[in-house]
Visitor: 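Below is the structure I would like to discuss, written out as structure tokens.
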Amino acid sequence: MENASFVLRAVKDVAIEDRPKPELKDDYDVLVHVAQTGICGSDVHYWQRGRIGDYKLTGPMVLGHESSGIVVETGSKVSHLKAGDRVALEPGVPCRRCEFCRKGSYHLCSDMIFAATPPWDGTLAKYYINAADFCYKIPDSMDMEEAAMVEPVSVACAIAKTADLRAHQTVLVLGAGPIGVLCQAVAKVYAAKTVVAVDVVERRLEVSKSYGVDYTYIPPRAAPGDDPMEHAEMVATKMKSQFGIEEGFDVVLECSGAEPCVQLGIYAAKPGATFVQAGMGKENVLFPVTAVCTKGIIVKGSIRYLPGCYPAAIDLIGRGQIDVKRLITNRYKFEEAEEAFELVKAGREDVFKVIIAGVE
């Protein structure tokens with residue numbers, strides 16, 4: 001095959017297709033031979049439902065956006081990369097000209113070309129073209145699996161940056177999936193005083209413990225007929241008391257998207273705290289807005305990465321400050337990609353991060 005590609009043809013219909021090898025058309029682009037790709041929940045979401053928010057599948061699309069690779073060819077004006085360089089790929093390239101790009105908020109660019117977001121093809125192919133300035137050389141100490149994991153670590157860095165996370169703060173992280181656990185790890189590296197991980201699955205909290213969180217907590221579920229807000233407030237009070245954080249947490253990072261966790265996070269926040277919503281579950285949730293007002297909580301949304309997050313993530317992994325290898329629970333060959341996606345969809349407790357090797 002010239003350019004084997006894992007294509008989402010329609011909802012719940014995927015296949016490996018042979019596509020033409022892409023050709024460089026821009027002097028500032030590079031052609032990359034993809035080495036490793038992690039599966040993200042958004043890939044599975046498009047596969048199963050065909051849309052995320054306003055982004056709707058309109059035709060066949062190559063999946064994947066968490067990738068590393070080796071530069072094969074460079075455009076004539078690329079000076080910092082050469083063939084043979086090992087790189088982590090930042091998969092969203094903005095226009096660089098709009099109001100948001102010009103003020104440094106390129107993650108909000110409405111003309112961003114983002115891998116595996118309709119209508120743009122993703123990275124689960126033998127070859128992928130990316131803008132050279134969105135390809136980052138990785139140190140010799142880092143392997144290609146770790147380089148693919150730069151993407152989720154940079155998401156965690158962006159969430160921490162959005163929260164303006166500082167040393168000696170108390171931090172509550174709701175959700176211990178890959179992003180939640182990496183947020184916990186980043187918070188510890190950034191010298192948070194106390195980090196508490198919340199999830200309803202003990203096995204995931206064991207992973208949190210391995211990253212050095214101070215406490216883990218499984219919140220009790222509300223009984224049928226309980227008022228969800230009263231329950232959330234009760235659980236928050238109990239949790240704060242248990243961990244000696246009576247005033248509440250300085251920073252709350254919501255990484256689950258689960259409605260009860262969103263509610264719990266607001267009630268667990270200290271007056272004046274920063275609450276960052278990163279998890280995406282139901283599109284609309286019952287939200288304790290009066291508590292936000294009376295406690296003066298700063299609520300922010302976080303999406304993708306901010307400037308500087310990819311280099312920061314490469315540093316954290318490359319210097320051994322965050323060990324991403326232990327998050328990788330399953331590895332697949334490229335021709336087994338559909339099987340890999342089925343595994344992620346199943347949502348098993350023992351599956352954390354699934355990686356697909358590139359085409360030889």
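From a predicted model like this one, the values you see are computed outputs, not experimental measurements.
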Visitor: Linking I/L/V/M/F/W/Y whenever their side-chain heavy atoms sit closer than 4.5 Å, directly or via other members, would W120 and Y128 fall into one cluster?
Guide: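 Unlinked, W120 and Y128 end up in two clusters.
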
Visitor: With a cut-off of 6.0 Å (strictly less than), are more than 12 heavy atoms of other residues, nucleotides or ligands near CE of M280?
Guide: no

Visitor: Would you say T170 and E247 make side-chain contact, with heavy atoms under 4.5 Å?
Guide: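 With C-beta onward as the side chain, the pair stays apart.
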
Visitor: Rounded at 0.5 Å granularity, tell me how far CD1 in I16 sits from CD in E338.
Guide: 8.5 Å

Visitor: Answer yes or no: does atom CZ of R49 have more than 12 heavy-atom neighbours from other residues, nucleotides or ligands under 6.0 Å?
Guide: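 For R49, atom CZ is not crowded (no more than 12 foreign heavy atoms under 6.0 Å).
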
Visitor: Using the side chain to side chain contact (heavy atoms under 4.5 Å, CB included) definition, which of the options C95, P91, P94 pairs with M112?
Guide: P94

Visitor: Flag the pair R19 and D121 as a salt bridge only when some basic side-chain nitrogen lies within less than 4.0 angstrom of an acidic carboxylate oxygen.
Guide: yes

Visitor: For the OH atom of Y215 and the OG1 atom of T194, what is their distance to the nearest 0.5 Å?
Guide: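 Between Y215 OH and T194 OG1, I get 6.0 Å after rounding to 0.5 Å.
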
Visitor: Between K209 and E206 (salt bridge meaning N to carboxylate O under 4.0 Å), is one present in this structure?
Guide: yes

Visitor: Main chain of V196, side chain of D214: is a donor-acceptor contact present, judged purely on distance under 3.5 Å?
Guide: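 Checked: no pair found.
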
Visitor: Would E145 and K325 satisfy salt bridge (charged side-chain N to carboxylate O under 4.0 Å, His left out), going step by step from the backbone distance to the final call?
Guide: CA-CA 8 Å; E145 283 187 346; K325 289 291 252 194; 2.8 Å; yes

Visitor: Does R96 CZ have over 12 foreign heavy atoms under 6.0 Å away?
Guide: yes

Visitor: Rounded to the nearest 0.5 Å, how far does CG of L89 lie from OH of Y136?
Guide: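 Going from the OH atom of Y136 to the CG atom of L89 covers 10.5 Å.
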
Visitor: Atom CD1 of I70 and atom CG of D85: how far apart are they, to the nearest 0.5 Å?
Guide: 10.0 Å

Visitor: Can you name the closest pair of heavy atoms from G177 and D199 and give their distance?
Guide: N-OD2, 4.3 Å

Visitor: Hey, are K333 and E335 close enough for a salt bridge, meaning a charged N less than 4.0 Å from a carboxylate O?
Guide: no

Visitor: Verify the ring-centre separation between F6 and F341: is it less than 6.0 angstrom?
Guide: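 Ring-ring flag for F341/F6: true, centres closer than 6.0 Å.
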
Visitor: Mind checking who shares a hydrophobic cluster with V200, ILVMFWY linked at side-chain heavy-atom distances under 4.5 Å?
Guide: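 V200 shares its hydrophobic cluster with V201.
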
Visitor: Is the shortest heavy-atom distance from the side chain of F352 to the side chain of V181 under 4.5 Å?
Guide: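 The answer is yes; the side chains approach within 4.5 Å.
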
Visitor: Has F287 got more than 12 heavy atoms of other residues, nucleotides or ligands less than 6.0 Å from its CZ?
Guide: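 For F287, atom CZ is crowded (more than 12 foreign heavy atoms under 6.0 Å).
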
Visitor: Kindly check if the number of other-residue, nucleotide or ligand heavy atoms within 6.0 Å of CZ (R166) is above 12?
Guide: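 Atom CZ in R166 is not packed in, count stays at 12 or less.
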
Visitor: Minimum heavy-atom separation for A236 to A268, with atom names?
Guide: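 Reported closest heavy-atom pair: CB-N, 3.7 Å.
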
Visitor: What distance separates W47 CH2 from K345 NZ, expressed to the nearest 0.5 Å?
Guide: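 If we round to the nearest 0.5 Å, W47:CH2 and K345:NZ are 5.0 Å apart.
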
Visitor: Would you give the length of the straight line joining atom CG of D143 to atom CZ of R86, rounded to the nearest 0.5 angstrom?
Guide: 7.5 Å

Visitor: Can you list the steps and then say if K353 with E66 is a salt bridge (charged side-chain N to carboxylate O under 4.0 Å, His left out)?
Guide: CA-CA 11 Å; K353 202 69 194 171; E66 301 182 1; 3.0 Å; yes

Visitor: Quick one: does E146's side chain get under 4.5 Å of I138's, heavy atoms only?
Guide: no

Visitor: Table please: side-chain donor-acceptor pairs of residues 298-308 below 3.5 Å, with sequence neighbours left out.
Guide:
unit_1	atom_1	unit_2	atom_2	d
K300	NZ	T162	O	2.8
Y305	OH	E151	OE2	2.6

